[in-house]
Amino acid sequence: MYRHLEARLVEHFRDYLRRAYDLDFPKIVVELPPRVELGEYALPLAFELAKKLRKAPKKIAEEIVAGVGVIEGFTKLEVAGAGYINAYVDRAAMAKSLALDVHPEDKAPAGKILVEHSSINPNKAAHIGHLRNAILGDTFVRLLRFAQREVDVQNYIDNTGAQVADVVVGFQNLDRKSRAEIEALTKQTRFDYYCWDLYARVSQWYAADPTANTSKDRLKIRAQALHDIEHGGNETADLAELISVAVLRRHLETMDRLDIEYDFLPRESEILHLHFWDAAFTKLKESGALTYEDSGKNKGCWVMQRVGRTLLSAKEPGEASVKSASQTDAERVSQNEDNQKVIVRSNGTVGYVGKDIAYHMWKFGLLGKDFGYRKFYRYPNQHECWISAEHGEADHPHFGGVAEIYNVIDARQSEAQNTVIEALRALGHNDAADHYTHFSYEMVALTPRCAAELGYMLSDEDKTRAYIEVSGRKGFGVKADDLIDRLIASAKTEVDARHPEISDSQRVTISTQIAVGALRYFMLRFTKNSVIAFDFKEALSFEGETGPYAQYAAVRAANIFRKSGQNLQNFAKMHRAEDFSRYLNANKSHDSNEIWDLWLTASRTSNVVAQCIATTEPAHLAKHAFQLAQKFNSFYHHYPILQEADEGRKNFLLSTVAVVHRELTRVLGVMGIQVPEAM
RNA sequence: GGGCGCGUAGCUCAAACGGAUAGAGCAUCGGAUUUCUAAUCCGGCGGUUGCAGGUUCGAUUCCUGCCGCGCCUACCA
């Protein structure tokens, strides 16, 4: 609602500026005034105009306010501060549409969006770092869907890489398990935990031998395993398939605990076996994006020249050319080599980035090849998740060939992501490159205290650090399922104490919802590029700025309705005929302003969603949910609703509760957080 | 060395596009419950936004330099 009025306001001002000043203002900035007393919208445009018109901002603002005329939905414009133009909406009219929950038609841009997230190596249990990725990605998907966009969710599976090979090596050489034994293990609960430990043991096994020769031999075993797996059609590859699929299923189960689902799981094995790379390689060579090096340190490789880094040739103008003139040829050559990215190794094998280029050409429908598709996993809610296959089913949905993509991948991989984007440009696919977004975020690390709590020995240097990076190779980290278990147990203790009257299975449901709320909120409250230093105490908190705080506010709202005997879902709509203006305006008393502020905050959801999408930053939504809950809790405390004697005012207060409940539930839903029955 | 990011209250974090008095939570201190459940609310304390310049009517935000921290910089994935 808020967003549509804003659009109307901007349009009106743009028109006026064109008429009155003959000015084209493509971007009119609109802000939220610091307090509702100052209106619902603030435009600082007079400040900017001051330069052009060579007049005082305040004077210009007054001129505009006098000339701009009546705007539908607004009661007045006012000049405030040093030259702000504040716009005041018709509160009663806006409240009415909010109560009715009317949404003027939005024309969402056409074109499918593909969001890739999670992409956990299927060789060990998921940990907190993966949780951040999946929660950010899933929330972004929900944001896009809220904005009426069509979205496919993909989880890329690197099932032929070194990490899977390591676990296979572990089963074959350390634990010496037969295929049947491994198969039995995969059927046990949390097979991924077994792999977690095994992966750490193998990593030690490679390195921790005193005689260098043994270590070398072991790395040879690893290289052989990797080779066999990439090739396929042998015992090692079959084992890798068995293990990686079993771990993948575990990952899907873990993420489903947080209501995170995927539509399609493209795997590296199919990218290899369906020869995606060959198709891409041909195009890359034809376009000149890849060049063959016949000398130097990258001799025998196909490389990509990185752009954005100056190729220091004599042609460079300005200072750079002076600098390059003083360089020797040898320096220039070596610098150019440093700017090269090896895509195909001198032994003819393609590296990870090359496969990624092919995969991204497929995403945009530029490869001329497609995966086979097989049903893989049906969620309890019947949603079907598909997986890539060499020979797929005849009937399948169509994935790939999308208009826009978002890759939720941590910041350490920006370099690789940029290389893929550059490759698309080099192929002449600028439009695809422009619609390729690396949704970059920082890692989750552990505080030294947390690491110590987990029983890890820390060096003196580590103890002084703000955080310590998790490491799969060392088996150092907090496993996702463990964290979820602890959150549920902790919530259960509280729920048990508060609600002995309800059934245990219901208490488990509520505890789970609270745990998910706490976890998802925790991962969303930090902005993407701040490293999260994980700490159990903070993550297990249910008070203050947390998910349960917001859930609690919604539960309280529902409780009022339960006690009142009124219907929460229909109440606001049923009272649409009522005019709330006397409560909302009331001479702009403190009370009416405080309550209006609550309505106003509730109305801003679609605005915040748009902001989150534009900035690829879901943290704004978490902040918004918290603020709405905070304002509601304050309102809840100050206005005893069921005791209200004036029937009209009581209806108004109940409508307020109903609208806030609806919007808060909606916002939490976009974050993947449910509102429990009771708390 | 180069690239990217970060530095804001005791601690953990906000402040999209430069804007009105830099805000929350935690911690701490003090208060609120015969009421729609206190996982709550109200108040106090707490700031030279790393440092030094610059641009601007206006800078936490943009630019330059410096200091400190992290990540990336493989013919690994």
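Everything quoted here is computed from the prediction, not taken from an experiment. Proteins get letters first, then strands, A, B, ... in listed order; numbering begins at 1 in each.
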(Q) Just N and O in the side chain of A/Y549: are any of them under 4.0 Å from OP1 or OP2 of B/rA24? (A) no

Q) Among A/H231, A/K355, A/E268, whose side-chain hydrogen bond (donor to acceptor under 3.5 Å, both in side chains) with A/T160 holds? A) A/E268

Q | Closest nucleotide among B/rC36, B/rC75, B/rC42 to the A/C301 side chain | A | B/rC75

Q. Which is true for A/N86 with a 4.0 Å heavy-atom rule: it touches a base, it touches only sugar-phosphate, or it touches nothing?
A. base

Q: Check every atom of B/rC13, B/rA16, B/rU40 against the side chain of A/Q611 and return the nucleotide holding the closest atom.
A: B/rA16

Q: Indicate, with a heavy-atom threshold strictly under 4.0 Å, whether A/F626 touches base, sugar-phosphate, or nothing.
A: sugar-phosphate

(Q) Just to be sure I understand the rule, does A/I514 reach a base, reach only the sugar-phosphate, or reach nothing, if contact means heavy atoms closer than 4.0 Å? (A) base

Q | Atom-to-atom span, CD of A/Q417 to P of B/rG5 - whole angstrom | A | 16 Å

(Q) Is A/R525 close enough to B/rG25 that one of its side-chain N or O atoms is under 4.0 Å from OP1 or OP2 there? (A) no

**Q.** Nucleotide of B/rA77, B/rU12, B/rG70 approaching A/Y467 most closely (side-chain heavy atoms)
**A.** B/rG70

Q: Check whether any side-chain N or O of A/R498 sits under 4.0 Å from OP1 or OP2 of B/rA39, and answer yes or no.
A: yes

Q) Hey, is the side chain of A/R35 pairing donor to acceptor with the base of B/rA20 inside 3.5 Å? A) no

Q: Would you indicate what A/V495 reaches in the nucleic acid, counting non-hydrogen atoms under 4.0 angstrom: base, sugar-phosphate, or nothing?
A: base

Q. Atom CE of A/M443 to atom P of B/rG5: distance rounded to whole Å?
A. 16 Å

Q.
With hydrogens left out and only the distance checked, is there a donor-acceptor pair under 3.5 Å joining A/R412's side chain and the base of B/rU73?
A. no

Q | Residue pair A/E116 / A/S119, side-chain donor-acceptor N/O under 3.5 Å | A | yes

Q: Indicate, yes or no, whether a donor-acceptor pair under 3.5 Å links the base of B/rC75 to the side chain of A/S346.
A: yes

(Q) Within the 3.5 Å criterion, strictly below it, is a donor on A/Y552 or A/N633 matched to an acceptor on the partner's side chain? (A) no

(Q) Just N and O in the side chain of A/Q163: are any of them under 4.0 Å from OP1 or OP2 of B/rC76? (A) no

(Q) Looking at A/R412, is its backbone amide N or carbonyl O close enough to the side chain of A/D410 to form a donor-acceptor pair, meaning the two atoms are under 3.5 Å apart? (A) yes

Q) With respect to the phosphate group of B/rC42, does any side-chain polar atom (N or O) of A/S634 fall under 4.0 Å of OP1 or OP2? A) yes

**Q.** Nearest-Å distance for atom pair CD/C1', residues A/E6 and B/rA16
**A.** 12 Å

Q.
Can you tell me which nucleotide in B/rC42, B/rU35, B/rA38 comes closest to the side chain of A/Y636?
A. B/rA38

Q) Between A/Q674 and A/P676, is there a donor-acceptor pair closer than 3.5 Å when you use the side chain of the first and the backbone of the second? A) no

